[in-house]
Amino acid sequence: QVQLVESGGGLVQAGGSLRLSCAASGRTFSTYAMGWFRQAPGNEREFVAAIRLSVGTTHYLDSVKGRFTISRDNAKNTVTLQMNNLKPEDTAVYYCAATSQHIVPFTYIRFSRSGKYEYWGQGTQVTVSS
């Protein structure tokens with residue numbers, strides 16, 4: 001089992017920045033990739049970004065490319081999502097996710113699907129005001 005705890009959400013004005021962190025514990029040595037998803041009220045959960053932990057390969061939702069950066073610190077078992085130039089449409093609960101399924105290649109199509117991840121955090125609220 002892997003436990004995930006997110007932190008760093010909050011309220012920010014449009015154009016501002018937030019940094020989300022996800023701390024993993026438990027059987028972290030088996031984790032292959034981690035991702036961030038978000039869910040706004042009335043919407044389905046949406047992929048935001050993912051990272052393959054061993055080599056740092058990343059994937060992003062098109063609408064966040066150039067604004068968001070996902071990174072990892074394997075020594076600390078943490079994944080970070082740096083969010084810049086935030087927009088009101090980024091408002092959502094953000095969830096950290098992890099998978100121990102070592103599937104190659106690490107493709108966007110596969111790892112943008114929420115069903116690929118077995119472990120989920122509780123979520124952290126991000127609110128961007130206009």
Got a second to check how far [X]'s [atom1] is from [Y]'s [atom2], nearest 0.5 Å?
X	Y	atom1	atom2	value
R45	N43	CZ	CG	12.5 Å
Q3	N77	CD	CG	11.5 Å
R38	Q125	CZ	CD	12.0 Å
E46	S114	CD	OG	11.5 Å
K116	T107	NZ	OG1	8.5 Å
L20	M83	CG	CE	3.5 Å

Any donor-acceptor pair under 3.5 Å linking the side chain of [X] with the backbone of [Y]?
X	Y	result
N74	L53	yes
T28	S25	no
T124	G9	yes
T31	A33	no

Locate the shortest heavy-atom distance separating [X] from [Y]; write the atom from each residue and the value.
X	Y	answer
A92	A40	CB-N, 3.8 Å
A49	Y60	CB-CD2, 3.7 Å
G123	Y95	CA-CD2, 3.6 Å
M34	A24	CE-CB, 4.5 Å
N85	R67	O-NH1, 3.0 Å
W36	E6	CZ3-CG, 3.8 Å

Subject >> Pairwise side-chain contact, T91 with V126, heavy-atom cut-off 4.5 Å (strictly under) >> reply: no
Subject >> side chain to side chain contact (heavy atoms under 4.5 Å, CB included) partner of L18, the single match among L81, L86, D90, L11 >> reply: L86
Side chains of [X] and [Y], donor plus acceptor under 3.5 Å:
X	Y	value
T80	Q82	no
E118	S100	yes
N84	S17	yes

Subject >> Pair D62 + K65: basic N to acidic O under 4.0 Å >> reply: yes
Original post:
What orientation do F68 and Y94 show, parallel under 30°, tilted 30 to 60°, or perpendicular over 60°?
Top reply: tilted
**OP:** On the 0 to 90° scale, with breaks at 30° and 60°, tag the F106-Y32 ring pair as parallel, tilted or perpendicular.
**Re:** perpendicular
Original post:
Is there a side-chain contact (heavy atoms from CB on, under 4.5 Å) between L4 and C22 once you walk through the steps?
Top reply: CA-CA 6 Å; L4 304 173; C22 177; 3.9 Å; yes
Original post:
Do V48 and Y108 sit in the same hydrophobic cluster, where Ile, Leu, Val, Met, Phe, Trp and Tyr count as joined when their side-chain heavy atoms come under 4.5 Å apart?
Top reply: yes
**OP:** Establish, yes or no, whether a centroid distance under 6.0 Å links the rings of F47 and F37.
**Re:** yes
Subject >> Verdict with supporting geometry, R72 and T78, side-chain contact (heavy atoms from CB on, under 4.5 Å) >> reply: CA-CA 6 Å; R72 91 286 193 213; T78 60; over 6 Å; no
**OP:** In sequence, state the C-alpha distance, the side-chain angles, and the governing distance for V104 and R52, and then conclude on side-chain contact (heavy atoms from CB on, under 4.5 Å).
**Re:** CA-CA 10 Å; V104 291; R52 181 178 169 185; 4.2 Å; yes
Subject >> Candidate pair T57 and I51, rule side-chain contact (heavy atoms from CB on, under 4.5 Å), full reasoning >> reply: CA-CA 6 Å; T57 307; I51 187 166; over 6 Å; no
